[in-house]
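The sequence lines fix the lettering, A, B, ..., with proteins before strands; numbering per chain opens at 1. Owing to the predicted nature of the structure, the values given are computational and were not obtained by experimental measurement.
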Protein chains: 4
Amino acid sequence: MKEKMGKRDKIIKSAMILLTKHGFHAAPMSKIADRAGVAAGTIYTYFNSKDDLIEAIFIELRNEMMNLYEKEILKADTTKDKFIIFYKSVLSHMAANPLHFRYLEQYQNSPYGISLRRDTLSGKEADPSPLSGIFREGVAKKEIEIKDLPNQVLMAHVFGPLIALAREHALGFIRLDDKTILMSAEVAWLSVIK
Amino acid sequence: MKEKMGKRDKIIKSAMILLTKHGFHAAPMSKIADRAGVAAGTIYTYFNSKDDLIEAIFIELRNEMMNLYEKEILKADTTKDKFIIFYKSVLSHMAANPLHFRYLEQYQNSPYGISLRRDTLSGKEADPSPLSGIFREGVAKKEIEIKDLPNQVLMAHVFGPLIALAREHALGFIRLDDKTILMSAEVAWLSVIK
Amino acid sequence: MKEKMGKRDKIIKSAMILLTKHGFHAAPMSKIADRAGVAAGTIYTYFNSKDDLIEAIFIELRNEMMNLYEKEILKADTTKDKFIIFYKSVLSHMAANPLHFRYLEQYQNSPYGISLRRDTLSGKEADPSPLSGIFREGVAKKEIEIKDLPNQVLMAHVFGPLIALAREHALGFIRLDDKTILMSAEVAWLSVIK
Amino acid sequence: MKEKMGKRDKIIKSAMILLTKHGFHAAPMSKIADRAGVAAGTIYTYFNSKDDLIEAIFIELRNEMMNLYEKEILKADTTKDKFIIFYKSVLSHMAANPLHFRYLEQYQNSPYGISLRRDTLSGKEADPSPLSGIFREGVAKKEIEIKDLPNQVLMAHVFGPLIALAREHALGFIRLDDKTILMSAEVAWLSVIK
DNA sequence: TATGAATGAGACTTCATTCAT
DNA sequence: AATGAATGAAGTCTCATTCAT
C-alpha cells in the first residue's frame, strides 16, 4: 500500500506524523525525509520550505473535513438534524483520525493558525464552518429560536466541547463511541437553543 | 516596581512573555536573558535547563490560579453558586491575564503538558480542578441532579466553552465583560444539570 | 531569431546573462536551463560540467574579440594607426557589448582566469593581444621609439585605462562615445611613445 | 605573534586569506573558522553574517589605505609631488600587501562593491580617493593645466595602470621595485597634464 | 537527444549550555 | 552569584549532477 503512494503523499504522511508527535519545531526535515523514504532535498521538490509543508498539510486536512460534512449535511431536513449531523460527523471524523485532529489543533495554536483565524474573522478568508449559516436559516424559517448571546459565545459552547472531547480521545484519555457523541451533540444543541 | 523584583522573578517574567509570544522553541535563552536584564549564564543559576524554566513557569501560573478559586469558592453557599463562582473566577482571571492563559494553553498542548495530563488522570498528580468535587458534593446532598454522561464529557461541556472563550479573548477576537461571562456560565450550568 | 538558435547557443546565451548578472556561483544550472528553455539535464548533453560551460563561454567571447581586431587592423598603414584602430576597436566592442565585457572580466578575476593567464605568460597559451607585435614591428621599422620601460608596464598603461573605461561604461557610470574613445586612445599612445 | 591576536583579528586574517584564495563563495565559514582556530559559531559573535564579515574586511582594508596616503601626502609641496607621492604610496602599499590588494579588487567587482561604487558616484558615500581634490587645487593655483577630458577618463588613465600593475604584481607576474613604480607614476602624470 | 525528479553533500546560521574570570 | 564569550551539534535549504524514461 505504501508502495502505491506518490512521493508527495509519503512526505505529507511522514511529516504529519512527526510534526504532530514532536511539534513543528522538534521534527527536523531530515527525519521527515528519512521516514518518507526520500532524500532530504526531495522535500523541496514538492514544497518551498518547512513552513510551506506545514501549511500544505493543514490545507489538505481542512479540505478533507470540509468535503466531509458538506456531503453529510444534505441528508438532513430540520435545522436540528443538520446541527446534529454536523456535530456528529465532525467529531466522529476527528475521533477516527486522531492524528489529523492533533495536527489541526497544533496548527491553529501556532502563529500560522492565528493569523489565518484573523483573516477569517476579518472576512479575507471564507469561514470553513457552516454552523452560523445553519442557525441563521433555521431562525429565518422560524423553525428555531437562538439564545440572546454573541455569536462567538454560542460557537464557543458548540466547538469548545467538541474540541475538548476530540482532544481527550486523541490523547487516549477517553474512547468516543457513537452514543457518547450523540449525547454530547444533544447537550450542545440545548446550549444554543432558547 | 520592576526594581524590587529579584533576578529569578525577572527571568520568569521575561521568559513568560517571550515564550508565549514566539513559542517555546522560537524564544532563545539569550533573548530571555536580555529582556530580564541579566547575563545568559545567570539563568542557569536559577534553572537547570530551558525545560526546567518552562516547567517552573507553568507550575507558578497553575498555583496562582488554584489559590485564586480556592479563596473565591468559600463565598458561596449552594452548589450552583459554587459552580458559577468557580466558572466566573477562572474565566475572569484568564481574561484579565491573557498572557498567562496563552502560556498555560501552549504548555498543555506541548509534550510536557500531555505527559503531565497523563499523570493527573492516572492519579500520580492531583487534579487541579475542584469541579468534580463540587458536583459530587451537590449530588450527595441531593441538591442537584447531573446528566447521565461520562464525567469527562460533562467536563468537556464546562471547560470546553470556557477555554474557547478565553482563547478568543486572549487573541483579541472578542472582549469578555462580566455580563457575557455570567451568561456563558449559566449555559454551562444547564449543560451539566438534568 | 531566437527560434533559429540551436539549444547549445541558447544555453550559452542564457548562461552568459545569468552568470554575469549574479556571479558564477550565484547562478544555478537550473535557472540557466529555465531561461534557455531546456531541461536541466540537457545542459549536460553539451557541457560536461558547470566549469566546462563557464570556460566554453569565455573561449567563445575571446575568439569573437580576436577575430574582430584581426580584421580591423588590416585597414591601417602606420604603426600609430594600427595602435589607434586596435584600441578603438577593442574599446568600442567592449562598450557595445557590456555583458561580454563583464563576463570576460569576471572570468579573468576568477581562479580559472588566473591559471589561464599563468599559462599565457609561460608560453603554454598564445597571447591573444597583437599589441606587442605591433610595437615590435614599428620599432624594427624605426617608425617609432618606445619608452624604456618593462613591457608589462607599458601594457598596463594601455590596457589599464582601456579596461577601466570599459568597466565604467558597462556599469553605467559613463557613456563612451567615439570621440571620448579616440581621445583616450591618443593619451594611451603618448604613454607608450618616447 | 599569532598568539597575541584577539579572536576577531584571527578571524579577519583567516577570512581574508581564504576568501581571496578561493573567492567569496568558495570559502566556507567552517574553513575560515578552522584556520582561525575558533569554533564555527564563534565567527557569529563578531559578525552577523558572512556578508557582514566580507564587508567588515573591506572597510578595514580601505581605512588602512586611506590613513596611509593621508599621512604621506603632507610631505609634498607641489601638485606634481602630491600626485607622485600619492601614486607611489598607493602602488607600493598594494605591492607590499598583495593579499589586501586582491581582496579589495575582488570586493569591488562583486555586487557589494558595485553598489558601493554607485553610492560614491551619487554622493551618498564619500570618495575615498583624494586625487580629484589634488588636481582641482593645482588648477585653481594655476600651477598645472589638465587635459580637456571627462574626469572619469582622466581617472581611468591614472588608476587603470596602477591597478593593472598591482594585479600583475599580486599574481606574481612582475616584480615592482621603487624605480619601476616611479616611472609608471611619471607616465600617469603625463597622461593627465596638458 | 531530451527530460526533470531525485539525490545528498555541503553551505550558512542558531542557540542551549559551559566555564574561566 | 554573575558574567558573556565561546562552543559545536543540529537545523534548514541549495544546487550540481545523475539516470530512468
Side-chain angles (χ1 to χ4, degrees), chain A residues 6-8 10-11 24-34 36-54, chain B residues 6-8 11 24-34 36-54, chain C residues 6-8 10-11 24-34 36-54, chain D residues 6-8 10-11 22 24-34 36-54:
Chain A
K7 283 202 167 40
R8 199 190 120 100
K10 282 197 213 160
I11 291 166
F24 289 164
H25 47 296
M29 294 296 260
S30 56
K31 293 260 178 65
I32 292 172
D34 281 356
V38 301
T42 303
I43 299 181
Y44 294 87
T45 307
Y46 297 97
F47 307 95
N48 289 323
S49 65
K50 191 175 185 179
D51 280 6
D52 225 56
L53 170 60
I54 288 171
Chain B
K7 282 199 174 19
R8 188 178 186 278
I11 291 165
F24 290 164
H25 47 295
M29 294 295 261
S30 57
K31 293 256 179 70
I32 291 172
D34 280 356
V38 301
T42 304
I43 298 181
Y44 292 86
T45 307
Y46 298 96
F47 306 94
N48 289 323
S49 66
K50 192 176 186 180
D51 281 4
D52 233 53
L53 170 60
I54 288 171
Chain C
K7 283 199 175 14
R8 188 177 187 277
K10 281 197 213 160
I11 291 166
F24 289 163
H25 47 295
M29 294 295 261
S30 56
K31 292 256 178 70
I32 290 172
D34 280 356
V38 302
T42 304
I43 298 182
Y44 292 85
T45 308
Y46 297 97
F47 306 95
N48 289 323
S49 67
K50 192 175 185 179
D51 281 4
D52 233 52
L53 170 60
I54 288 171
Chain D
K7 283 204 168 34
R8 200 190 119 100
K10 282 197 215 160
I11 291 165
H22 303 110
F24 289 164
H25 47 295
M29 294 297 260
S30 56
K31 293 259 178 66
I32 291 173
D34 281 357
V38 301
T42 303
I43 298 181
Y44 292 87
T45 307
Y46 297 96
F47 307 95
N48 289 323
S49 65
K50 191 175 185 179
D51 280 5
D52 225 55
L53 170 60
I54 288 171

State, to 0.1 Å, how close [X] and [Y] come at their nearest heavy-atom pair, and which atoms those are.
X: D:Ile11; Y: D:Tyr46; value: CD1-CD1, 3.8 Å
X: A:Ala40; Y: A:Ala33; value: CA-CB, 3.7 Å
X: C:Ile43; Y: C:Ile32; value: CD1-CG2, 4.0 Å
X: B:Pro28; Y: B:Ala26; value: CD-O, 3.4 Å

What is the distance from [atom1] of [X] to [atom2] of [N], rounded to the nearest Å?
X: C:Arg8; N: E:dT1; atom1: CZ; atom2: C1'; answer: 16 Å
X: A:Asp34; N: F:dA10; atom1: CG; atom2: P; answer: 14 Å
X: C:Ile43; N: E:dT1; atom1: CD1; atom2: C1'; answer: 15 Å
X: D:Ile32; N: E:dA11; atom1: CD1; atom2: P; answer: 11 Å
X: D:Lys10; N: F:dA5; atom1: NZ; atom2: C1'; answer: 13 Å
X: D:Asp52; N: E:dC12; atom1: CG; atom2: P; answer: 14 Å

So how far is it from B:Met29 CE to B:Leu53 CG, rounded to the nearest 0.5 Å? 5.5 Å
In Å, rounded to the nearest 0.5 Å, how long is the span from OG1 of A:Thr42 to CZ of A:Arg8? 14.5 Å
For nucleotides 13-21 of chain E, read 5' to 3', which letter fits each nucleotide if B means a protein heavy atom sits under 4.0 Å from the base, S means only the sugar-phosphate is that close, and - means neither? BBSSBB---
Hey, does the side chain of C:Lys50 reach the backbone of C:Phe24 with a donor-acceptor pair shorter than 3.5 angstrom? yes
For DNA chain F, what dot-bracket results from Watson-Crick or G-U pairs at under 3.5 Å, with [ ] for crossers and | for inter-strand partners? .||||||||||||||||||||
With sugar-phosphate meaning primed atoms plus P, OP1 and OP2, does C:Tyr46 contact a base, only sugar-phosphate, or nothing at under 4.0 Å between heavy atoms? sugar-phosphate
